[in-house]
Amino acid sequence: MNINLRFLWLLLGLSCSGHLAAGQRPAVVVIPPVIAPPPVDELVIANVNVVNVDLGEIELHRNVVLRDGFIVSVGQWVPAGRGVPTLDGTGKYLVPGLWDFHTHALASAAEEQLALPLYVAHGITSIRDVSAARPLADLLRTYQALETGERVGPRIELAGPVLDGSADASTSLTLTASRAEGYARAEALMRTGWCSLQVGPYLSPEAFAGIAAAARLGRVHLAGAVPEAVPVLDAIAAGQRSIEHADKLLLGCSGHEAELVAARATALAGPRPLPTLQAGIKAQQKDIVASFSPSRCAALAQALMESRTAVMPGLVAHDFDLRHDPAPEDPRLRSVPANVRRQWAQAAHDRPHLSASRLTKIHAADSLQRGMVATFGLLGVRLVAGSDAGSGTPNLFYGGSLHDELEHLVALGLTPAETLRAGTVNPAMATGHGFDSGRIQPAYAADVVLLNGNPLDDIHNLRLIEAVVLRGRLFSMTALAGLAAEAEQEAARQAVATHAATAIR
């Protein structure tokens, strides 16, 4: 179960605004946990090159003054006195802290133990979590521990509970739920204080319409996947303000969208609905590619822009199906528990063998989808970067896969500046934080990353992290390395625990 960060603030007294052989015991090197450094009342990052993400320009040789967790000045001024801590930014570049707009980092206590330190180690200071299984009390404890410095991790924005259709009416809406049922379920959730709702792919068109109506009336954010039985433009018109994963958008660019969506709706309302739907979607792929219409795509882009609907492409989540697997020596694997790595390896082994012609067709559809995303970016659609880490898709890493996603966007043809906006100011605006996060400006949160290279020259330079400031706390390169080592230790601990539990069973 998710909740929007603003409601978390309310509940915390603030205002609601806006991851062996039997008998063997693997050796685990014990590394002391990284304690959040104390907050710095005032800090000057001197003579640094500030990246203006809105303009895609470098502001040379600036002094950035941070005080009590906020940016107070960007320019030439420095506070008087000799006791003000100063970080030399000469030859370095300062960017806003990165956002991961779509992660499952909080799906369980074990996942968050792995994920949260890794995000900070990768310069990601805010995450939007879309998982929906944990009690609110657990999320509140995590939030409080992060905000007070008891634990290290990014700021948290939670996407809200997921409303979806299911064959199990006791736990969800039915696959044929009515508008009234959708409205009532959404209204009940909002009455408990949720500031954001997510929709799932198996909602009936009627239930979706009811949920959307309740969200509009309650002025809450509606996000998630576009339901399979709902045309994309209908979802936008109903008020869905973020669309996650680009598959359904590609269908929206098809000249046959109406017929194909109707077939999906029929499948959901018939016998054996989910297997029939999945088989139908697979069979439709050839038609979707063949009927791709550039003019429909342009019209869709226009609707997305006019409604300020955010699009999370989720490119990196497709790498597994495309057989783009990490190298066995990828250091990020050290932060993945051994049992999870075995699951990933088994999933790779179980992938069906594809003929050369079938693989060509998959790549053709993927190439078309990527071209659509590139077009959206060039036309000004609000793209937001998300990793989908923790979703169950193999080879997605907390922290590292967000960088992969940004690099995929550049590979499509977006400029580094456009891509950087997808990882900073765009997700901030899409979550209602456009006036306090995602930019280096006075009155914005002092969540910044000091780099040893210019990301506007090469987006890979976002990986060259010298320091991170988060909630007014300065994490040096040594501290960041400690966070990565702590995650590796936690992965080893979880592997031991899983092995022991399996042995007992």
Where do [X] and [Y] come nearest, in terms of heavy atoms and distance?
{"X": "S254", "Y": "S291", "value": "OG-OG, 2.5 Å"}
{"X": "G438", "Y": "V53", "value": "O-CG2, 3.5 Å"}
{"X": "A159", "Y": "V130", "value": "CB-CG1, 3.9 Å"}
{"X": "G56", "Y": "A417", "value": "CA-CB, 3.8 Å"}
{"X": "A430", "Y": "A310", "value": "CB-CB, 3.8 Å"}
{"X": "L470", "Y": "G153", "value": "CD2-O, 3.3 Å"}

Side chains of [X] and [Y], donor plus acceptor under 3.5 Å:
{"X": "D325", "Y": "N395", "value": "yes"}
{"X": "D129", "Y": "H104", "value": "no"}
{"X": "Q113", "Y": "R151", "value": "yes"}
{"X": "D321", "Y": "H318", "value": "no"}
{"X": "S242", "Y": "E244", "value": "yes"}
{"X": "T103", "Y": "Y119", "value": "yes"}

Drop me the distance from [X]'s [atom1] to [Y]'s [atom2], to the nearest 0.5 angstrom.
{"X": "Y143", "Y": "L158", "atom1": "OH", "atom2": "CG", "value": "10.5 Å"}
{"X": "T375", "Y": "M372", "atom1": "OG1", "atom2": "CE", "value": "8.5 Å"}
{"X": "L409", "Y": "I459", "atom1": "CG", "atom2": "CD1", "value": "8.5 Å"}
{"X": "H324", "Y": "D366", "atom1": "NE2", "atom2": "CG", "value": "8.0 Å"}
{"X": "L383", "Y": "L414", "atom1": "CG", "atom2": "CG", "value": "6.0 Å"}
{"X": "L175", "Y": "L268", "atom1": "CG", "atom2": "CG", "value": "6.0 Å"}

Review point. Is the number of heavy atoms from other residues, nucleotides or ligands within 6.0 Å of CZ (R216) greater than 12?
Key: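 Counting neighbours around CZ of R216, more than 12 heavy atoms of other residues, nucleotides or ligands fall under 6.0 Å, so yes.
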Validation row: [X], [Y] side chains within 4.5 angstrom (heavy atoms):
{"X": "V381", "Y": "L300", "result": "no"}
{"X": "T415", "Y": "L420", "result": "no"}
{"X": "D388", "Y": "V316", "result": "no"}
{"X": "R439", "Y": "N52", "result": "no"}
{"X": "S387", "Y": "H102", "result": "no"}
{"X": "E147", "Y": "R155", "result": "yes"}
{"X": "L139", "Y": "T142", "result": "no"}
{"X": "I124", "Y": "W99", "result": "no"}

Review point. What's the verdict on side chain to side chain contact (heavy atoms under 4.5 Å, CB included) for Q441 and I71, showing C-alpha distance, side-chain angles and the deciding distance?
Key: CA-CA 6 Å; Q441 293 181 8; I71 300 168; 6.0 Å; no
Quick check: does any side chain N or O of [X] sit under 3.5 Å from a backbone N or O of [Y], one acting as donor and the other as acceptor?
{"X": "S307", "Y": "A303", "value": "yes"}
{"X": "R179", "Y": "A213", "value": "no"}
{"X": "E181", "Y": "A207", "value": "no"}
{"X": "T266", "Y": "A262", "value": "yes"}
{"X": "S401", "Y": "Y398", "value": "no"}
{"X": "T424", "Y": "L98", "value": "no"}
{"X": "R241", "Y": "I236", "value": "yes"}
{"X": "E418", "Y": "G377", "value": "no"}
{"X": "R382", "Y": "V311", "value": "no"}

[X] bridged to [Y] by N-O distance under 4.0 Å:
{"X": "D247", "Y": "K282", "value": "no"}
{"X": "E112", "Y": "R134", "value": "yes"}
{"X": "K248", "Y": "E257", "value": "no"}
{"X": "E228", "Y": "R264", "value": "yes"}
{"X": "R128", "Y": "D100", "value": "no"}
{"X": "D404", "Y": "R463", "value": "yes"}
{"X": "R191", "Y": "E187", "value": "yes"}

Practice item. Start with the C-alpha distance between L116 and L106, add both sets of side-chain angles, then the distance that settles side chain to side chain contact (heavy atoms under 4.5 Å, CB included), and finish with yes or no. Key: CA-CA 9 Å; L116 299 181; L106 304 183; 4.1 Å; yes
Exercise for review: Could you walk me through whether D330 and R341 pass salt bridge (charged side-chain N to carboxylate O under 4.0 Å, His left out), step by step?
Suggested key: CA-CA 12 Å; D330 191 319; R341 294 200 304 270; over 6 Å; no
Check your understanding: Which class fits the ring pair H403 and H122: parallel under 30°, tilted 30 to 60°, perpendicular over 60°?
Key ->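 Correct class here is tilted.
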**Study point:** Derivation and outcome, side chain to side chain contact (heavy atoms under 4.5 Å, CB included), residues V51 and L94
**Key:** CA-CA 6 Å; V51 179; L94 196 68; over 6 Å; no
**Study point:** Residues I243, L304; criterion side chain to side chain contact (heavy atoms under 4.5 Å, CB included); working and verdict
**Key:** CA-CA 10 Å; I243 295 175; L304 291 166; 4.1 Å; yes
